[in-house]
> 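Take this structure, written in structure tokens, and hold onto it; I'll ask about it next.
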Amino acid sequence: MDCIFCKIANGEIPAATLYEDDDFRVIMDMGPAAKGHSLILPKQHYANIYELPEELAVKAFSLAKKMATAMTKALNTDGFNIVQNNGAAAGQTVFHFHMHLIPRYENDGAGFGWNPGSLTDADREEVLKKVAAVLAE
Ligand code: 5GP
Ligand code: ZN
């Protein structure tokens, strides 16, 4: 399989590496939203959160906490976003699971987010009912 993040995570293609262990490599994003924007990459290929084994999901979030804490101290950030996209509709462009670590600074102009809608009665009832049904399966 020709996956750029597999090659980077396993050291076949060099990348600026902030951290590495048996399961993950943390690299600097080549198109940063803000200074220090980095990516947590598992060394094994999983396309998205649905494929990622639960054990690795737990380790990934634990690593995200460690990295966010270290980067906040090292870079003196004012805030921090952790972003994780699944599927093209959600903005995923590289189909190897990854978590974005995005240091934020006052007035950094890194404009991502959403336009808030409003929660309708119909949507609330539909979503609560449908998700409860799947969780009960
Ligand atoms: P996604 O949109 O899939 O959530 O995020 C993909 C991210 O990977 C983007 O922020 C993009 O800048 C970054 N990226 C894509 N290809 C490369 C690469 O070859 N090297 C590095 N360091 N980052 C990459
Ligand atoms: Zn891959």
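We count ligands from 1, going down the list as the structure has it; atoms in each ligand are counted the same way. One is the number of the first residue; the rest follow in order along the sequence.
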> Is any side-chain heavy atom of Val134 less than 4.5 Å from a side-chain heavy atom of Glu137?
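Sidechains of Glu137 and Val134: in contact.
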> If we only count heavy atoms from C-beta on, is the Tyr19 to Ile40 side-chain gap below 4.5 Å?
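No, side chains not in contact.
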> So Asn81 and His100, do their side chains get closer than 4.5 Å, heavy atoms only?
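SC-SC contact between His100 and Asn81 ruled out.
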> When you compare the side chain of Met71 with that of Ser38, does any pair of heavy atoms fall below 4.5 Å?
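Yes - at least one pair of side-chain heavy atoms lies under 4.5 Å apart.
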> Other than Leu41, what residues sit in its cluster of Ile, Leu, Val, Met, Phe, Trp and Tyr side chains whose heavy atoms are under 4.5 Å apart, directly or through others?
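Leu41 clusters with Ile4, Phe5, Ile8, Ile13, Ile27, Leu39, Val94.
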> To which residues is Leu135 joined in a hydrophobic cluster, defined by side-chain heavy-atom contacts under 4.5 Å among Ile, Leu, Val, Met, Phe, Trp and Tyr, whether direct or through other members?
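Its cluster mates, by chain and number, are Val127, Val131.
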> Provide, line by line, the atom pairs where ligand 1 and the protein bring an N/O atom each to a distance under 3.5 Å; else say none.
{"residue": "ligand 1", "atom": "2 (O)", "partner": "Gly91", "partner atom": "O", "Å": "2.9"}
{"residue": "ligand 1", "atom": "2 (O)", "partner": "Thr93", "partner atom": "N", "Å": "3.4"}
{"residue": "ligand 1", "atom": "2 (O)", "partner": "Thr93", "partner atom": "OG1", "Å": "3.0"}
{"residue": "ligand 1", "atom": "3 (O)", "partner": "Thr93", "partner atom": "N", "Å": "2.7"}
{"residue": "ligand 1", "atom": "3 (O)", "partner": "Thr93", "partner atom": "OG1", "Å": "3.2"}
{"residue": "ligand 1", "atom": "3 (O)", "partner": "Val94", "partner atom": "N", "Å": "3.0"}
{"residue": "ligand 1", "atom": "3 (O)", "partner": "His98", "partner atom": "NE2", "Å": "3.0"}
{"residue": "ligand 1", "atom": "4 (O)", "partner": "Asn85", "partner atom": "ND2", "Å": "2.9"}
{"residue": "ligand 1", "atom": "4 (O)", "partner": "His98", "partner atom": "NE2", "Å": "2.9"}
{"residue": "ligand 1", "atom": "4 (O)", "partner": "His100", "partner atom": "NE2", "Å": "2.8"}
{"residue": "ligand 1", "atom": "5 (O)", "partner": "His98", "partner atom": "NE2", "Å": "3.1"}
{"residue": "ligand 1", "atom": "5 (O)", "partner": "His100", "partner atom": "NE2", "Å": "3.2"}
{"residue": "ligand 1", "atom": "10 (O)", "partner": "Asp29", "partner atom": "OD1", "Å": "3.2"}
{"residue": "ligand 1", "atom": "10 (O)", "partner": "Asp29", "partner atom": "OD2", "Å": "2.5"}
{"residue": "ligand 1", "atom": "12 (O)", "partner": "Asp29", "partner atom": "OD1", "Å": "2.5"}
{"residue": "ligand 1", "atom": "22 (N)", "partner": "Met28", "partner atom": "O", "Å": "2.9"}
{"residue": "ligand 1", "atom": "22 (N)", "partner": "Met30", "partner atom": "N", "Å": "3.4"}
{"residue": "ligand 1", "atom": "23 (N)", "partner": "Met30", "partner atom": "N", "Å": "3.3"}

> Please find the N/O/S atom of His45 nearest to the Zn ion (ligand 2) and write down its name.
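So the atom name we want here is ND1.
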> Sort and list the pairs that fulfil side chain to side chain donor-acceptor pair (under 3.5 Å) and have at least one residue in residues 41-51, not counting sequence neighbours.
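Only Glu20-Lys43, His45-His96 qualify under side chain to side chain donor-acceptor pair (under 3.5 Å).
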> Relative to the Zn ion (ligand 2), which of the N, O or S atoms in His96 is the closest?
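When I compare the N, O and S atoms of His96, ND1 is nearest to the Zn ion (ligand 2).
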